[in-house]
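Excluded from the calculations below are hydrogen atoms, water molecules and symmetry mates; all remaining heavy atoms, backbone and side chain alike, are included.
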Amino acid sequence: MSVARGGRLSARTLLTLLGEWEGSSPTYAALAARIRLLITDGRITVETRLPAERELAAVLGRSRATIVAAYQALRDSGHLVSTHGSGSRATLPHITGHTSSPDQGVDFARAVPPPIEGLEELLATMSSTITKALSGPGFDLLGNTGLREAIADRYTERGLATSPEQIVVTMGGQHAIALAAHALVRRADHVVIESPTYPHAYEALRRAGARLDVTPVTPDGWDVDHLVSLLDHLRPALAYLIPDFHNPTGASMAPEDRARVAKAARRSGTLLLIDETTADLSIDRPWDDGPFARHARGVATSFSGSGVITIGSLSKSVWGGLRLGWLRADRSMVQRLVQARPAGDLGTPQLEQMLGERIVRALPELLPRRSAQLRVHRDVLRRQLEQHLPSWEVPNVQGGLSLWVGMDRPASSALALLGQSRGISLSAGPKFTIDGSHERFVRLPFSAPVEDLARGIHILAECWQQLSGSSRAGLGEPVGPPTMV
């Protein structure tokens, strides 16, 4: 859950966001620390007005003096600005880029791999043709013809016949999600999302006015019975799903479950927004079902309406600095998306699209290199966790960029807060939900350099031991039996 910038946060909503926040420190300090974390990781956005002290005291069942002291601590740390007559608003003392180095800590908050091996050579080949971009349009709402052809050809090669007219090029996967939400969601529409899920997706859907309903996902997969029942009974306008190497759990939806979900969506009239930005990140999954939209009609060669919009991107598979994504949809839906686009932007830069065309054509030879790199990093992270935090439950993911790790008690936010003091950037489990749940989980990306992964887990183990209050020596000492929820 997050609150739109400049909005007002009710005391009830803040109570949900806080989760289990009390600890051994004074009550006012524990409350201030948890709110500080919520502001830092974006669950409370800058300029959001916090509840009045008296209102929050009543909901939390604490004295007003406690809330006053907590707010003063937040003002002292630069996370709150209070104005007479306007209340108290969240702020940040400073904004810095997240970089990972021995001096600046370890970044476990972002799942951003380094540039794929071979990208430098592709960039070098652009030098003789880069001026061709000057002869093209200054802006283009649909996208470069060559890039759309390359993307369409790749879908066709993977078993889903596609024409260039079915592709809209965007400025990354997040832009594609936001554009789809803006174009397709009306205020108060029911929209189904997974829990946990990618936070910026539910933020975009909520900003469009959606009423969000959740279906559970774990590292073992989806509760498909629940998802199908939700589609049948709620008949939502849209469902946002990540079926390949789900973010954050790493799960992949089985082919028979994809067919069942697609059938239920057709039956309920629900548009499926399928996020495949992680679909190219297979490490050792022994199967590939191709694009989800293959199941939409059962006829892979059809260009007719399918009820599925697919999101793709080069940012995770190739390089985070390459802000190129796309939407694949039926032609009538493409027109709808393009008509809605000028409200947010006027097109994708031409230079990036020229490079993108070459990259998409080269993906069959580039992706095995990414797979090999991710395999090494995943295995290092798993070994470090098993050695230093043996009481945690570590899934064996077959792709993606991170592990959704189960801890032995609900202290994800407390760990993230303590990690900050040790130079560790960490996204607590509740950040990936809309209801403040999943305090027993933490997402740990394995995209950082190997030496950072090892050092980061060593520090996290120290922080976890400190939180546990255990007097036992040794970083790898268990603090209790593993428990999953």
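Judged by the 6.0 Å and 45° rule, R409 forms a cation-pi pair with W464. Figure legend: K316 and Y198 shown as a cation-pi pair, the cationic atom lying under 6.0 angstrom from the six-membered ring centre and within 45 degrees of its axis. A cation-pi geometry, defined here as NZ or CZ lying under 6.0 Å from the six-membered ring centre and within 45° of its normal, does not hold between R328 and W326.
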### Stepwise side chain to side chain contact (heavy atoms under 4.5 Å, CB included) test for R154 and D280
CA-CA 12 Å; R154 179 160 170 77; D280 285 330; 2.9 Å; yes
### Query
Hey, mind stepping through D153 and R148 against salt bridge (Lys or Arg N to Asp or Glu O under 4.0 Å) and telling me if it holds?
CA-CA 8 Å; D153 288 347; R148 287 188 292 117; over 6 Å; no
### Task
Determine, step by step, whether D330 and V334 satisfy the side chain to side chain contact (heavy atoms under 4.5 Å, CB included) criterion, reporting the C-alpha distance in whole Å, the side-chain angles of both residues, the deciding distance to 0.1 Å, and the verdict.
CA-CA 6 Å; D330 306 318; V334 165; over 6 Å; no
### Query
Run the side chain to side chain donor-acceptor pair (under 3.5 Å) check on S413 and E439 step by step: do they pass?
CA-CA 7 Å; S413 294; E439 273 288 359; 2.7 Å; yes
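Side chain of S268 to backbone of A264: a donor-acceptor contact under 3.5 angstrom is found. Listed for the R443 side chain is a donor-acceptor partner under 3.5 Å among the backbone atoms of A109. Judged by distance alone, with hydrogens and angles left aside, the side-chain atoms of D189 form a donor-acceptor pair with the main-chain N or O of R186 at under 3.5 Å. Side chain of R440 to backbone of S437: no donor-acceptor contact under 3.5 angstrom is found. Of the possible donor and acceptor atoms, one in the side chain of S412 sits under 3.5 Å from a partner among the backbone N and O of G429. For the pair R378 (side chain) and G399 (backbone), a donor-acceptor distance under 3.5 Å is absent. Distance alone, capped at 3.5 Å, places no donor-acceptor pair between the S447 side chain and the A111 backbone. Counting only distance, with no hydrogens or angles, the side chain of R285 and the backbone of W287 share a donor-acceptor pair below 3.5 Å. Looking only at distances, no side-chain donor or acceptor of S195 sits under 3.5 Å from a matching main-chain atom of T215. No donor-acceptor pair closer than 3.5 Å links the side chain of T270 to the backbone N or O of L231.
Residues L403 and P395 come closest through the heavy atom pair CD2-O, 3.8 Å. The shortest heavy-atom contact between V308 and A293 is CG1-CB, 3.8 Å. Between A176 and I311, the shortest heavy-atom distance links the atoms CB-CG2, 3.8 Å. Between A210 and V185, the shortest heavy-atom distance links the atoms CB-CG1, 3.8 Å. When all heavy atoms of H190 and P236 are compared, the closest pair comes out as O-CB, 3.4 Å. Closest approach of L337 and A183 over heavy atoms only: CD2-CB, 3.9 Å.
Considering CG of N144 and CD1 of I167, their distance stands at 13.0 Å, rounded to 0.5 Å. Distance check, rounded to the nearest 0.5 Å: CZ of R206 to CG of L212 gives 5.0 Å.
Between D288 and S282 the shortest side-chain heavy-atom distance does not fall below 4.5 Å. With a 4.5 Å cut-off on side-chain heavy atoms, R258 and K263 do not count as touching. Inter-residue side-chain proximity for L324 and T348 is flagged as met; some heavy-atom pair is nearer than 4.5 Å. Within the 4.5 Å cutoff, side-chain heavy atoms of P216 are placed close to those of H226.
No side-chain N or O of Q339 forms a donor-acceptor pair with one of R336 less than 3.5 Å apart. Judged purely by distance below 3.5 Å, without hydrogens or angles, the side chains of T48 and T45 pair a donor atom with an acceptor atom. Between the side chains of S315 and R323, at least one donor-acceptor pair of N or O atoms lies under 3.5 Å. Inspection of the D408 and S391 side chains reveals an N or O donor paired with an N or O acceptor under 3.5 Å. Between W222 and E194, the side chains place a donor N or O and an acceptor N or O closer than 3.5 Å (distance only, hydrogens not considered).
Of the candidates H377, Q384, R383, L453 forms a side-chain contact (heavy atoms from CB on, under 4.5 Å) with just one, namely H377. Applying the side-chain contact (heavy atoms from CB on, under 4.5 Å) test between I457 and each of L381, I424, V106, V380 identifies L381 as the sole match.
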